[in-house]
Chemist: 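First the structure, which I've put down as structure tokens, then a few questions once you've had a look.
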Amino acid sequence: MSLKLLKIKLLILFYSLTGKMGRLANQLHLPISVSSIRSILIFFPVSESSFQVALYSFRHLINHQNKDVKFSFMILDTFSELVNDTYDGLIFYKMDELKITPTDIKFDLIIDLNPEFHLELSKFISRINSEYKMGFKSIFSDYFYNIQLNIPPSGFLERGYKQVNKIIQLL
């Protein structure tokens with residue numbers, strides 16, 4: 001095991017023991033019904049290449065407002081110029097703002113579109129009150145997400161985002 005991997009495992013253990021990392025819901029109630037999902041928070045990727053793919057894959061959600069489900073999009077502020085900011089559900093943030101613990105924030109579903117694991121972002125997501133948290137499978141994803149998706153063996157990120165889109169369309 002590499003030193004970096006061991007360091008992340010120890011940090012996750014430390015955060016979970018000290019309460020700096022939120023807990024997952026004990027039970028996942030399936031099927032997820034349309035009436036139970038009223039608000040969705042989507043975290044866009046922090047790398048520019050993955051962000052461009054995600055922006056293209058989810059452009060219909062950003063440009064189309066849904067009356068039944070409220071969508072909010074967390075986007076790194078360095079990408080603010082790449083997004084048409086006419087939608088009021090866009091939230092631009094800086095990486096150092098993730099150290100602030102969110103209070104009184106609740107979403108029915110949180111989706112992390114980052115294909116690579118980011119400890120600070122995952123820790124921030126874990127502290128947001130939500131029964132369902134979705135992210136891509138990694139060696140640490142069991143600690144943070146109760147719904148996990150695999151990026152297909154082909155490695156094309158678009159296919160992973162199509163899986164997320166299909167799930168959202170079912171809601």
Side-chain angles (χ1 to χ4, degrees), residues 20-25 28-138 141 143-149 151 157-158 160-171:
K20 292 183 178 184
M21 188 170 76
R23 295 180 177 243
L24 287 177
L28 183 62
H29 303 287
L30 294 175
I32 301 172
S33 67
V34 176
S35 61
S36 68
I37 304 294
R38 292 282 171 227
S39 60
I40 298 176
L41 177 62
I42 299 176
F43 282 84
F44 273 76
V46 296
S47 75
E48 186 171 356
S49 60
S50 298
F51 176 80
Q52 294 280 357
V53 175
L55 186 62
Y56 179 77
S57 298
F58 293 94
R59 67 192 178 283
H60 68 281
L61 288 179
I62 295 175
N63 295 326
H64 178 13
Q65 296 183 9
N66 188 330
K67 295 177 184 175
D68 297 329
V69 179
K70 181 183 185 308
F71 287 95
S72 298
F73 304 97
M74 294 285 290
I75 298 173
L76 197 60
D77 69 339
T78 55
F79 304 132
S80 62
E81 293 178 3
L82 301 175
V83 180
N84 181 1
D85 60 356
T86 58
Y87 181 67
D88 64 347
L90 298 176
I91 304 165
F92 295 101
Y93 70 94
K94 296 179 181 169
M95 285 302 280
D96 58 340
E97 293 174 340
L98 296 178
K99 295 178 181 166
I100 300 168
T101 302
T103 56
D104 298 331
I105 299 173
K106 179 171 179 9
F107 287 90
D108 297 321
L109 172 64
I110 298 174
I111 301 172
D112 181 6
L113 297 177
N114 283 287
E116 303 91 22
F117 177 75
H118 292 276
L119 180 60
E120 287 302 317
L121 183 61
S122 296
K123 188 173 85 166
F124 181 80
I125 291 170
S126 75
R127 295 184 306 231
I128 299 173
N129 188 9
S130 178
E131 190 171 349
Y132 305 111
K133 296 179 182 178
M134 181 188 306
F136 288 105
K137 185 101 176 118
S138 73
S141 58
Y143 296 104
F144 300 99
Y145 308 111
N146 52 11
I147 302 171
Q148 299 174 36
L149 302 170
I151 296 178
L157 191 54
E158 295 90 347
Y161 290 155
K162 281 184 183 180
Q163 291 176 345
V164 175
N165 267 318
K166 286 180 184 178
I167 291 172
I168 290 173
Q169 289 172 5
L170 292 175
L171 299 176

Chemist: Compare all side-chain heavy atoms of Phe71 with those of Ile42 and state whether any distance is below 4.5 angstrom.
Modeler: yes
Chemist: Do Ile167 and Ile111 have side chains that get closer than 4.5 Å, going by heavy atoms?
Modeler: no
Chemist: Quick one: does any side-chain atom of Ser57 pair with a main-chain N or O of Glu158 as donor and acceptor, under 3.5 Å?
Modeler: no
Chemist: Does some side-chain heavy atom of Phe44 sit less than 4.5 Å from a side-chain heavy atom of Val83?
Modeler: no
Chemist: If you look at every heavy atom in Glu116 and Ser50, which pair is closest and at what distance?
Modeler: OE2-OG, 4.2 Å
Chemist: Donor-acceptor pair, Asn129 side chain versus Ile105 backbone, under 3.5 Å?
Modeler: no
Chemist: For the pair Ser80 (side chain) and Asp77 (backbone), establish whether a donor and an acceptor sit closer than 3.5 Å, ignoring hydrogens and angles.
Modeler: yes
Chemist: Taking all non-hydrogen atoms of both residues into account, name the closest pair between Ile100 and Arg127 and its distance.
Modeler: O-NH2, 3.5 Å
Chemist: Take atom CD in Glu81; do more than 12 heavy atoms of anything else shown fall under 6.0 Å from it?
Modeler: no
Chemist: Between Leu121 and Met74, is any pair of side-chain heavy atoms under 4.5 Å apart?
Modeler: no
Chemist: Are any of the side-chain heavy atoms of Ile75 and Tyr93 separated by less than 4.5 Å?
Modeler: no
Chemist: Between Phe124 and Phe43, how do the two ring planes meet: parallel, tilted or perpendicular, split at 30° and 60°?
Modeler: perpendicular
Chemist: Is the NZ atom of Lys162 crowded by more than 12 outside heavy atoms at less than 6.0 Å?
Modeler: no
Chemist: Would you compute the distance between atom CD1 of Ile147 and atom CG of Asp112 and round it to the nearest 0.5 angstrom?
Modeler: 13.0 Å
Chemist: Has Lys133 got a side-chain atom pairing as donor or acceptor with Phe144's backbone, closer than 3.5 angstrom?
Modeler: no
Chemist: How about Glu48: does its CD atom have over 12 heavy atoms from other parts shown lying under 6.0 Å from it?
Modeler: no
Chemist: For the ring pair Phe58 and Phe73, is the centre-to-centre distance below 6.0 Å?
Modeler: no
Chemist: Please confirm whether the backbone N or O of Leu98 pairs with a side-chain atom of Lys123, one donor and one acceptor, at under 3.5 Å?
Modeler: no
Chemist: How close do Tyr161 and Pro45 get, counting heavy atoms only, and between which atoms?
Modeler: OH-CG, 3.2 Å
